[in-house]
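Here is the structure we will look at.
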Amino acid sequence: GLTKLPPGFLTAMPRLQRLELSGNQLQSAVLCMNETGDVSGLTTLDLSGNRLRILPPAAFSCLPHLRELLLRYNQLLSLEGYLFQELQQLETLKLDGNPLLHLGKNWLAALPALTTLSLLDTQIRMSPEPGFWGAKNLHTLSLKLPALPAPAVLFLPMYLTSLELHIASGTTEHWTLSPAIFPSLETLTISGGGLKLKLGSQNASGVFPALQKLSLLKNSLDAFCSQGTSNLFLWQLPKLQSLRVWGAGNSSRPCLITGLPSLRELKLASLQSITQPRSVQLEELVGDLPQLQALVLSSTGLKSLSAAAFQRLHSLQVLVLEYEKDLMLQDSLREYSPQMPHYIYILESNLACHCANAWMEPWVKRSTKTYIYIRDNRLCPGQDRLSARGSLPSFLWDHCPQTLELKLFLASSALVFMLIALPLLQEARNSWIPYLQALFRVWLQGLRGKGDKGKRFLFDVFVSHCRQDQGWVIEELLPALEGFLPAGLGLRLCLPERDFEPGKDVVDNVVDSMLSSRTTLCVLSGQALCNPRCRLELRLATSLLLAAPSPPVLLLVFLEPISRHQLPGYHRLARLLRRGDYCLWPEEEERKSGFWTWLRSRLG
């Protein structure tokens with residue numbers, strides 16, 4: 001509420017460096033007294049938001065150390081160069097929001113150290129003279145361009161590093177920049193939709209070779225895009241790293257941002273037309289940007305995301321979606337998910353309540369490379385917010401219809417699975433289940449029989465054979481082993497057809513007979529290897545060599561040559577049996593005596 005300042009009050013505060021008087025009602029700023037000649041050490045002075053209309057000639061004569069002067073949003077009508085004669089160290093001058101109908105010639109020539117000047121929201125009329133600015137070291141300039149009835153030349157300092165241009169409403173004419181090249185400009189902001197820069201015969205990269213940050217605010221992009229069928233972004237700037245586009249809500253069609261090899265940050269906002277809204281794909285907005293790391297899309301009319309959009313964005317790390325409605329995440333993203341951005345933020349947006357989005361359930365739960373955050377839980381228009389314990393994936397699954405096609409698919413899949421499983425179950429019932437059952441019985445008998453070293457065997461030899469080989473066993477083997485000396489050996493053989501206990505389970509009979517015999521003799525042929533019981537007896541005899549407490553001797557007799565690939569567990573048999581534990585039955589009569597000699601020696 002200050003309306004005036006006490007005379008010479010700065011003298012009472014010689015060490016004061018910063019003075020802020022913004023938001024008061026000062027109509028005049030009398031800070032210095034010429035009579036005293038005192039000098040203040042003030043470096044920053046803020047008189048913004050007052051009612052200053054005219055500055056006295058010696059307003060800043062006692063402030064030779066001032067570096068920053070803020071006079072924004074006053075009522076200053078004119079400025080002359082003599083006001084700033086004592087401000088030789090002033091670096092920043094901000095005059096935003098003043099009418100400034102008249103500026104003296106070379107009004108900034110008295111500020112040799114000035115680097116930053118802001119003239120936004122003023123009524124200044126640009127002078128066609130190149131020496132209008134006067135300041136030789138000016139690097140940062142913020143300027144509002146007036147509405148002119150005809151094309152004009154915009155004279156600017158050549159070595160600017162930062163330039164902000166605001167265009168008055170209704171401006172539709174071309175502005176020609178002078179000079180033709182800005183070799184040091186790194187940051188450019190253009191606000192307003194009526195600016196049409198005439199770059200002459202050069203392209204944007206020739207006029208702004210060092211540009212790194214470009215902001216286009218309240219702009220429809222029509223002036224920066226080609227007007228053909230491709231509608232590409234014309235400003236191909238090789239060093240551009242950041243691009244921010246805030247549309248005016250009147251874009252007729254999307255403009256494809258592509259061909260910027262160094263771009264790292266891209267924000268596109270308010271590109272959706274208010275009068276004629278249309279849905280767009282990400283491929284229509286973003287093209288080949290190999291170095292892009294952060295992408296922000298806000299009110300662009302985006303409706304769906306697919307894997308094709310990310311295949312040209314290999315370096316993308318962060319994706320932010322704001323104020324987008326009814327988003328559809330296509331199923332192709334599931335396979336592309338390992339290459340998805342590491343961080344995805346869906347802010348004030350809603351997903352389409354459609355079954356096609358339900359694939360997100362396994363992705364959200366299992367993905368370890370992507371962090372996804374959804375701030376708005378209202379998934380559908382008119383839908384209540386989910387509770388704190390609500391589940392996004394389960395909600396999406398609720399929109400998957402249980403149709404007849406789905407039920408038929410599940411039923412046919414179950415039928416196919418059963419048809420595949422039946423042969424496996426049959427094989428397990430005929431082979432592996434009895435085998436495991438027999439091994440379990442051997443293990444139990446081993447526990448019960450520990451320490452029984454004087455065990456008496458009921459049989460000398462258990463003979464395993466199939467029904468097709470029974471004739472050879474009765475005619476050849478039985479007389480040679482059970483016959484009386486000297487023709488036979490007088491041994492007691494266990495033959496399944498003769499000595500198995502009637503009514504007893506086959507597996508139990510096999511296990512008990514093998515454990516009650518000193519030796520197991522397997523008669524093998526092609527028919528025997530196809531018989532489930534013979535294969536079981538061979539597997540069990542092999543396992544007894546390792547599992548039984550008193551393992552029997554295992555002998556193999558081949559009635560015909562058999563490939564080793566036909567034998568179950570061949571490699572284990574090769575490790576357990578010695579070379580003398582198996583023999584081939586000869587067809588020649590003169591060689592049969594050698595076979596019987598081998599068998600007698602092995603039986604002891």
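Heavy atoms only: backbone and side chains are in, while hydrogens, waters and symmetry mates are out.
For Arg312, the CZ atom counts as densely surrounded, since its 6.0 Å shell holds more than 12 non-hydrogen atoms of other residues, nucleotides or ligands. Around the NZ atom of Lys303, the shell of radius 6.0 Å holds more than 12 heavy atoms that belong to other residues, nucleotides or ligands. Under a cut-off of 6.0 angstrom, the local environment of CG in Leu101 is crowded, with over 12 non-hydrogen atoms contributed by other residues, nucleotides or ligands.
Taken to the nearest 0.5 Å, the NE2 atom of His166 stands 7.0 Å off from the OG atom of Ser142. Interatomic distance, Glu322 CD to Ser270 OG, rounded to the nearest 0.5 Å: 10.0 Å. One distance of note links CG of Asn24 with OG1 of Thr3; it measures 9.0 Å at 0.5 Å rounding. If you take CG on Leu93 and CG on Leu95, they are separated by 4.0 Å, rounding to the nearest 0.5 Å. Put simply, NZ on Lys4 and CG on Leu2 are 11.0 Å apart, with the number rounded to the nearest 0.5 Å. Atom CG of Asp46 and atom CG of Leu69 lie 9.0 Å apart (nearest 0.5 Å).
For Leu256 against Gly287, the heavy-atom pair with the smallest separation is CD1-N, 3.5 Å. Of all heavy-atom pairs spanning Cys32 and Ser61, the tightest one is CB-OG, 3.5 Å. Ile181 and Pro209 get closest at one heavy-atom pair: CG1-CD, 4.2 Å. Between Pro238 and Ser262, the closest heavy-atom pair is O-OG, 2.7 Å. Across all their heavy atoms, Cys225 and Phe233 have their closest contact at SG-CA, 4.1 Å. In terms of heavy atoms, Leu10 sits closest to Cys62 at CD1-SG, 4.5 Å.
Using bins of under 30°, 30° to 60° and over 60° for the plane-to-plane angle, the ring pair Phe224/Trp235 lands in the perpendicular bin. Using cut-offs of 30° and 60° on the angle between ring planes, the pair Phe182 and Phe208 is parallel.
With Ser22 contributing its side chain and Glu20 its backbone, the two residues share no donor-acceptor pair below 3.5 Å. Proximity of a side-chain donor or acceptor of Thr115 to a complementary backbone N or O of Glu91 within less than 3.5 Å is detected.
Inter-residue side-chain proximity for Leu268 and Trp246 is flagged as unmet; no heavy-atom pair is nearer than 4.5 Å. Taking the side chain as every heavy atom from C-beta outward, Asn74 and Arg72 never approach each other to under 4.5 Å. A heavy-atom distance below 4.5 Å is found between the side chains of Leu319 and Leu305. In this structure the side chain of Leu76 reaches within 4.5 angstrom of the side chain of Leu71, judged on heavy atoms. The closest side-chain heavy-atom distance from Gln88 to Pro112 is below 4.5 Å. Looking only at side-chain heavy atoms (C-beta outward), Pro56 and Ser28 stay at 4.5 Å or farther from each other. For the pair Arg51 and Leu26, the minimum side-chain heavy-atom distance is 4.5 Å or more. With a 4.5 Å cut-off on side-chain heavy atoms, Thr116 and Leu114 do not count as touching.
Judged by distance alone, the side chains of Asn98 and Thr122 never bring a donor and an acceptor atom under 3.5 Å apart. No hydrogens or angles considered: a donor-acceptor pair under 3.5 Å links the side chains of Arg53 and Gln75. With 3.5 Å as the limit, one finds no donor-acceptor pair spanning the side chains of Gln17 and His65. Ser306 and Glu283 share a donor-acceptor pair across their side chains, judged by distance under 3.5 Å alone. Side-chain contact of Ser118 with Asp96: a donor-acceptor pair under 3.5 Å is present, judged by distance alone. Glu164 and Ser191 share no donor-acceptor pair across their side chains, judged by distance under 3.5 Å alone.
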Inset, instruction - Assess whether side-chain contact (heavy atoms from CB on, under 4.5 Å) is satisfied between Leu66 and Thr43, documenting all intermediate values. - result: CA-CA 4 Å; Leu66 195 65; Thr43 60; 5.5 Å; no

Legend entry - Worked verdict on Asp288 versus Thr258 for side-chain hydrogen bond (donor to acceptor under 3.5 Å, both in side chains): CA-CA 5 Å; Asp288 188 12; Thr258 186; 5.7 Å; no

Inset, instruction - Show the numbers, then the answer: is there a side-chain hydrogen bond (donor to acceptor under 3.5 Å, both in side chains) between Glu324 and Ser299? - result: CA-CA 5 Å; Glu324 304 291 353; Ser299 299; 5.8 Å; no

Legend entry - Val318/Tyr345 under side-chain contact (heavy atoms from CB on, under 4.5 Å): CA gap, chis, key distance, verdict: CA-CA 8 Å; Val318 180; Tyr345 297 88; 4.2 Å; yes

Legend entry - Step-by-step side-chain contact (heavy atoms from CB on, under 4.5 Å) determination, Leu63 to Leu87: CA-CA 7 Å; Leu63 305 176; Leu87 303 180; 4.2 Å; yes

Inset, instruction - Quick one: do Leu289 and Leu263 satisfy side-chain contact (heavy atoms from CB on, under 4.5 Å)? Show the steps, please. - result: CA-CA 7 Å; Leu289 302 173; Leu263 193 66; 4.0 Å; yes

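Test His342, Gln293, Arg264 against Gln317 for side chain to side chain donor-acceptor pair (under 3.5 Å) and you get one pass: His342.
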Expected list for residues 148-163: side-chain donor-acceptor pairs under 3.5 angstrom, two or more places apart:
unit_1	atom_1	unit_2	atom_2	d
Thr161	OG1	His139	O	3.3

